[in-house]
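See below for the structure under consideration.
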Amino acid sequence: MRKLPFTKEQMERIAGEYPTPFHIYDEQAIRENARGLYKAFSWNKGFKEYFAVKALPNPAIMKILHEEGCGMDCSALTELMLAKAVGCVGDDIMFSSNDTPGEDFEYARGLDAIINLDDITHIDFLEAHGGIPERICCRYNPGGDFRLGNEIMGNPADAKYGMTYAQLEESFRILLSKGVKEFGIHAFLASSTTDDAYFPTLARKLFKVAAELNRSTGANVTLINLSGGIGIPYMPDERKADIARIGDEVRKAYEEIVTPSGLNISLCAELGRYMTGPYGYLVTRAIHKKEIYKDYIGVDACACNLMRPAMYGSYHHITVLGKENAPADKVYDVVGSLCENNDKFAIDRSLPEIDMGDLIVIHDTGAHGFSMGYNYNGKLRSAELLLEQDGRARLIRRAETPADYFATLDCLHII
Ligand SMILES: *Cc1c(COP(=O)(O)O)cnc(C)c1O
């Protein structure tokens with residue numbers, strides 16, 4: 001059984017103040033998890049986690065993570081603005097973008113963010129939009145399949161990101177000639193994996209590339225960016241990544257490859273899902289029960305609040321609040337109200353009997369939940385709440401109103 005950080009009574013009180021649906025995030029769990037990550041990599045003096053803002057772009061959450069020592073990984077102008085708003089500047093910001101607009105580079109340079117270049121052609125582009133900094137990171141794409149043991153974890157050759165090895169080496173030479181003094185190397189080769197071998201395998205690869213490029217170009221590599229990709233257990237029987245073990249295995253690779261190379265490398269990560277995914281919950285209420293060829297529970301949330309099940313067929317665990325110990329002897333499709341037949345949070349899910357008005361908790365919505373929200377069918381974005389360490393709920397984003405939905409039509413002067 002999945003444990004919740006709140007009781008039914010507590011949530012009924014919260015929902016009395018803030019109508020469903022809403023996402024609620026567990027502050028204490030987010031803090032403890034961040035501390036666990038820092039502990040796992042404490043052997044590396046410069047280690048820093050840059051929270052991938054796209055996972056949960058709420059400044060209250062970003063502030064909490066910043067307090068725990070995290071910087072922000074941004075990939076768009078508005079994400080940079082959010083990072084700035086929570087007090088991040090300079091080394092606190094990693095700008096890992098691709099297909100980047102000139103104004104985004106200019107803004108990032110204005111904040112003195114670390115620029116993570118996606119392509120060799122972006123050197124000239126950056127020079128024309130903000131200028132070349134003295135320290136820069138480059139994104140590597142090794143091509144081929146990325147394997148852990150016999151398993152294919154990703155297909156870099158099909159990915160639009162990063163540079164080939166030859167381009168990376170050429171980029172280093174060009175950047176050296178333009179006055180760059182410190183280099184970083186970044187790669188993101190597998191997504192949403194709970195396999196503890198991912199980061200160590202990636203680290204080993206990037207450490208070798210760092211040592212090789214140092215030998216061939218003389219570039220001083222001071223940063224290895226392991227990026228994101230560590231997954232979370234969405235399924236009840238899935239295991240959690242063992243972050244302490246991951247940190248220790250990366251340390252072994254560091255001692256084998258980096259230490260003898262003479263380089264002095266700080267590590268960083270750009271984890272998103274791992275940092276907040278398990279600590280968010282979409283709270284919604286059952287408002288209809290429909291029995292046709294199957295039994296449906298209609299809730300007051302829809303795919304606009306959480307797109308993953310509709311988009312990827314993702315599993316999100318569901319708890320019917322107050323019925324945690326009741327037998328799961330009914331089978332339901334739990335659905336939203338969109339005029340789209342894929343608007344289903346669960347299909348053929350065994351759950352306790354649901355009554356109208358029951359609070360339904362959808363788990364693991366703390367990453368790529370609210371942030372992938374949209375306004376299809378005229379649906380409005382929900383509120384976001386923070387479950388604070390004293391057990392109280394604080395509004396950290398109000399729900400949209402029709403006026404918000406119509407705001408961009410102000411050019412028509414009729415609404
Ligand atoms: C999405 C993304 C991340 C975060 O990925 P997670 O799977 O959430 O850890 C980090 N870096 C870059 C460049 C990304 O695009």
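Just so you know, ligand 1 is whichever comes first in the structure, and atom 1 is the first atom listed for that ligand.
Between Leu267 and Phe207, the closest side-chain pair of non-hydrogen atoms falls below 4.5 Å. Leu271 has its side chain out of reach of Tyr50: every pair of non-hydrogen atoms, C-beta onward, lies at least 4.5 Å apart. By the 4.5 Å heavy-atom criterion applied to side chains, Leu65 and Ile30 are counted as neighbours.
Ligand 1 lies less than 4.0 angstrom from a heavy atom belonging to His368. Residue contacts with ligand 1 do not include Ala367, since none of its heavy atoms lies under 4.0 Å from the ligand.
Every atom of ligand 1 is numbered from 1 in the order shown, and the set under 4.0 Å from a heavy atom of Arg139 is 13 (C). When each atom of ligand 1 is checked for a heavy atom of Gly272 under 4.0 Å away, the hits are 4 (C), 6 (P), 8 (O), 9 (O). Per-residue contacts place Leu271 under 4.0 angstrom from the following atoms of ligand 1 (heavy atoms of the residue considered): 9 (O). Close approach of ligand 1 to Asp73 is summarised as follows: ligand atoms under 4.0 Å from at least one heavy atom of the residue are 10 (C), 11 (N), 12 (C).
For Lys39, the NZ atom counts as loosely surrounded, since its 6.0 Å shell holds 12 or fewer non-hydrogen atoms of other residues, nucleotides or ligands.
Of the protein's non-hydrogen atoms, Gly229 N, 3.5 Å is the one closest to atom 7 (O) of ligand 1. Protein heavy atom at the shortest distance from atom 1 (C) of ligand 1 is Lys54 NZ, 1.3 Å. Distance from atom 10 (C) of ligand 1 to its nearest protein heavy atom, with residue and atom name: Glu270 O, 3.0 Å. For atom 8 (O) of ligand 1, the closest heavy atom belonging to the protein is Arg273 N, 2.8 Å.
If you check the side chains of Thr319 and His363, you find a donor sitting under 3.5 Å from an acceptor. Counting only N and O atoms by type, the side chains of Glu384 and Asn58 include a donor and acceptor under 3.5 Å apart. Of the N and O atoms on the side chains of Ser337 and Lys379, at least one donor lies less than 3.5 Å from an acceptor on the other residue.
When only interatomic distances are considered, the shortest N/O to N/O separation between Ser227 and ligand 1 falls below 3.5 Å.
Looking at Met275 against ligand 1, nothing comes within 4.0 Å, counting heavy atoms. In Asn116, neither the side chain nor the backbone holds a heavy atom less than 4.0 Å from any atom of ligand 1. Contacts with ligand 1 closer than 4.0 Å are made by no heavy atom of Ala55, backbone or side chain. Contacts between Tyr274 and ligand 1, counted as non-hydrogen atom pairs separated by less than 4.0 Å, are absent for every part of the residue.
By the 6.0 Å and 45° rule, Arg139 does not stack over the aromatic ring of Phe188. For Arg308 and Tyr234, the positive end sits near the middle of the six-membered ring, less than 6.0 Å away and at most 45° from its axis.
Using a distance-only test at 3.5 Å, with no hydrogens or angles considered, a donor-acceptor pair links the side chain of Gln10 to the main chain of Thr7.
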